[in-house]
There are 2 protein chains.
Amino acid sequence: MVRNIRDIAKSAGVSVSTVSKVINNYPNVSAKTKERVMRVVQEEQFVPNSTARGLVKGSTQTLGLFLTTGLSHPFFVQLLAGLEGPLKESGYDLIYLAQIDWNPDYSLVRHCRSRNVDGVLIFGFQRNDLNFKEMLQSEIPTVFIDLDLLGVRAGYITSDNMDSIKQSVHYLTGLKHRKIAFVAGYLDSYVGKLRFEGYRQGIQEADLPYRSEYIYFGDFTRDSGYLAMKQFLQSPEPPTAVICSSDMSAAGVMEAVAESGLSVPEDVSVIGFDDIEISRYMQPPLTTVRQDFKTIGRQAIQQLDQMIRTPQVAPPMLVVPTEFIIRGSCGICGENQ
Amino acid sequence: MVRNIRDIAKSAGVSVSTVSKVINNYPNVSAKTKERVMRVVQEEQFVPNSTARGLVKGSTQTLGLFLTTGLSHPFFVQLLAGLEGPLKESGYDLIYLAQIDWNPDYSLVRHCRSRNVDGVLIFGFQRNDLNFKEMLQSEIPTVFIDLDLLGVRAGYITSDNMDSIKQSVHYLTGLKHRKIAFVAGYLDSYVGKLRFEGYRQGIQEADLPYRSEYIYFGDFTRDSGYLAMKQFLQSPEPPTAVICSSDMSAAGVMEAVAESGLSVPEDVSVIGFDDIEISRYMQPPLTTVRQDFKTIGRQAIQQLDQMIRTPQVAPPMLVVPTEFIIRGSCGICGENQ
DNA sequence: TTGTAAGCGTTATCAT
DNA sequence: ATGATAACGCTTACAA
């Protein structure tokens, strides 16, 4: 069985450097030799050892993927699905940098260097992670997703969180709602903060008062949505609509509504964020903000690829538009008809 | 900035081989030298280049992950989540072998060889994929998940599909059901076939007739569940209970039931398979078979690790027990009380 | 116990 | 257009 380029060279009756030139599609190789070499390569099903190639080239056609959220985050799948195609097209493989225990000695930068990855994709919330600081100062091409971090060679891609929520508010005011509550996500997360800001601005633009009893500070989970609605329901003037920072928390809100004998959308309108798979199947189907993970994934790989190939290219700062998906969880406000 | 082992050697005033011995924890190094080297290593935050190491050792501390299903499969997340911890503990990184277009020229074995992965994890359905044949004959340690493929150095791990469904049948007969329908998954998939077989045997053991109008051949999706139930409902004697090959199809079944004005579990009992995250939130919460992905993931890594370290170890053939989760979607059969 | 030097399989430089 | 040969950073006999 053929092991290396040398064997190919021998079989083809040429030198190793010629074989190298052929398999790398370099010029200055006669058509004849090229063909002869290629035949042997085909016959022997030869693939150059990427480890050796990586060693000499100092790069590996590999992208590191680092998640702060753990793999079970619902976005993650969608994001990864969006990554699949572009990955294939660009010829990179993805290496999942296993990282679960936040060992204080762990250094993402070192991990990347040891693996010789060409670039890194980071997906997560916590912007003040020490590992990120190090990453931002390093020369390793990096793209953050859902985290507005910028560095020498690090940029980001994120959905248009603020405007999306503003749009949700306007949609509800258009439906004559004036008592609009908000289930916030982690405020120290980038997306959590922006979505909250979107709510505040939306409320303000609609000349609605900011009422603290209409705000619940949750953590994107279903439970926090449930708890939020329970609390809203106890207010003297319960809201007629609630905007959530995630579809999961919207599900929790709907559960609490049902439990109290009220119904969606007759008594209270609900809007989510994300458009995860199950949202269309909720009862009623959830009106929500869809994140465009296809575009996010494609852009992430594309931008990374450019930064890798062209060192002087500026890191991206991309805001990807969302899509407002109207389904059945919102109705015209009964009180103000 | 320190680049390599040679710089460390210089700083510590020793030879490169001594540094190598120290960082690899080899014996025959005096405590004094060891300490001196380690100090420099710490100071410089040195990490040996794994590409170079991989080249000389012919292995990379890397496991390939290959999915036939694409990333969007709901199990995938759960499986990957189960992989995270064991991965970290065993020191492997996971390389996702991007593979979306089934290019006939593509060879998984070649891809693995080129990347020098130490082992491969394959997750999928289609057992007659040509790439797998090649894989089975190769010397690359391989563990299949949900696919009963065996090779020279390839084994598998799977849930106890057949018995689980048999148990579902018995649970329903215990609830006096006698008209039990089944929504099958792809029959040319390993799990689809086994679950169907479990249904047949369960029916037989309960002395129930096998009625073809109670079988629907679906594909694990929600839509197929919906269609299945629509069909069952048109039969002269609609079933009082239905067992599904997946939670997703169970969700479809429940939707169809609700749509026809009937209700779960009063009119028809429903059982799923998988226990995906949303099942507990369905209306009513779904009774289902929980796959133990933690164990599957842990075993997969562990078995792979053993095969890698000990060439003579036999490939695993592991069947992992499931857990029957009783929630609210089954009731005593009204007809036979 | 420590050091020297020969690989590992490529690519890249420089002759030819 | 083709071929020697020196890297790339590490491990590992073998020598000292």
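Side chains are part of it too, since the values below use all heavy atoms of this structure and drop only hydrogens, waters and symmetry mates. Sequence lines set the chain letters: A, B, ... in the order given, protein chains first and strands last, and positions in each chain run from 1.
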Given atom [atom1] of [X] and atom [atom2] of [N], what is their separation to the nearest angstrom?
| X | N | atom1 | atom2 | value |
| --- | --- | --- | --- | --- |
| B:Lys21 | C:dT4 | NZ | P | 11 Å |
| A:Arg6 | C:dC8 | CZ | P | 6 Å |
| A:Asn116 | D:dG9 | CG | C1' | 10 Å |
| B:Ile23 | D:dT12 | CD1 | P | 11 Å |
| A:Ile5 | D:dG3 | CD1 | C1' | 13 Å |
| A:Arg115 | D:dG9 | CZ | P | 17 Å |
| A:Glu35 | D:dA1 | CD | C1' | 17 Å |
| B:Asn24 | D:dT12 | CG | C1' | 11 Å |

query: With sugar-phosphate meaning primed atoms plus P, OP1 and OP2, does A:Asn4 contact a base, only sugar-phosphate, or nothing at under 4.0 Å between heavy atoms?
result: sugar-phosphate
query: When all nucleic acid strands are considered with a 4.0 Å heavy-atom cut-off, which category describes B:Ser20: base, sugar-phosphate, or nothing?
result: base
task: Just jot down the side chain to side chain contact (heavy atoms under 4.5 Å, CB included) partners of A:Leu147, sequence neighbours excluded, or say none.
output: A:Arg127, A:Phe132, A:Phe144, A:Leu149, A:Tyr190
[options]: which one has an atom nearest the side-chain heavy atoms of [X]?
| X | options | value |
| --- | --- | --- |
| B:Val29 | D:dG9, C:dT2, C:dT10 | C:dT2 |
| B:Ser30 | D:dT2, C:dT1, C:dT10 | C:dT1 |
| A:Ser15 | C:dT4, D:dC10, D:dA4 | D:dA4 |

query: Starting at the 5' end of DNA chain D, which residue's closest nucleotide do you reach first, B:Thr18 or B:Leu55?
result: B:Leu55
field: Side chain A:Ser17 and base C:dT11 donor-acceptor under 3.5 Å
entry: no
Please determine whether a side-chain nitrogen or oxygen atom of [X] lies at a distance below 4.0 Å from atom OP1 or OP2 of [N].
| X | N | result |
| --- | --- | --- |
| A:Ser50 | C:dT10 | no |
| A:Asn28 | D:dT2 | no |
| A:Thr33 | D:dA1 | no |
| A:Tyr26 | C:dT11 | no |
| A:Asn49 | C:dT10 | no |

- prompt: Hey, which of A:Val120, A:Ile308, A:Val152 is the one that makes side chain to side chain contact (heavy atoms under 4.5 Å, CB included) with A:Ile140?
  reply: A:Val120
query: Per the side chain to side chain contact (heavy atoms under 4.5 Å, CB included) rule, which among A:Thr142, A:Ile145, A:Leu65, A:Leu67 passes with A:Ile122?
result: A:Thr142
query: Within a reach of under 6.0 Å around NZ of B:Lys294, are more than 12 heavy atoms found that belong to other residues, nucleotides or ligands?
result: no
Atom pair CD/CG of B:Gln291 and B:Asp146 - distance to nearest 0.5 Å: 5.5 Å
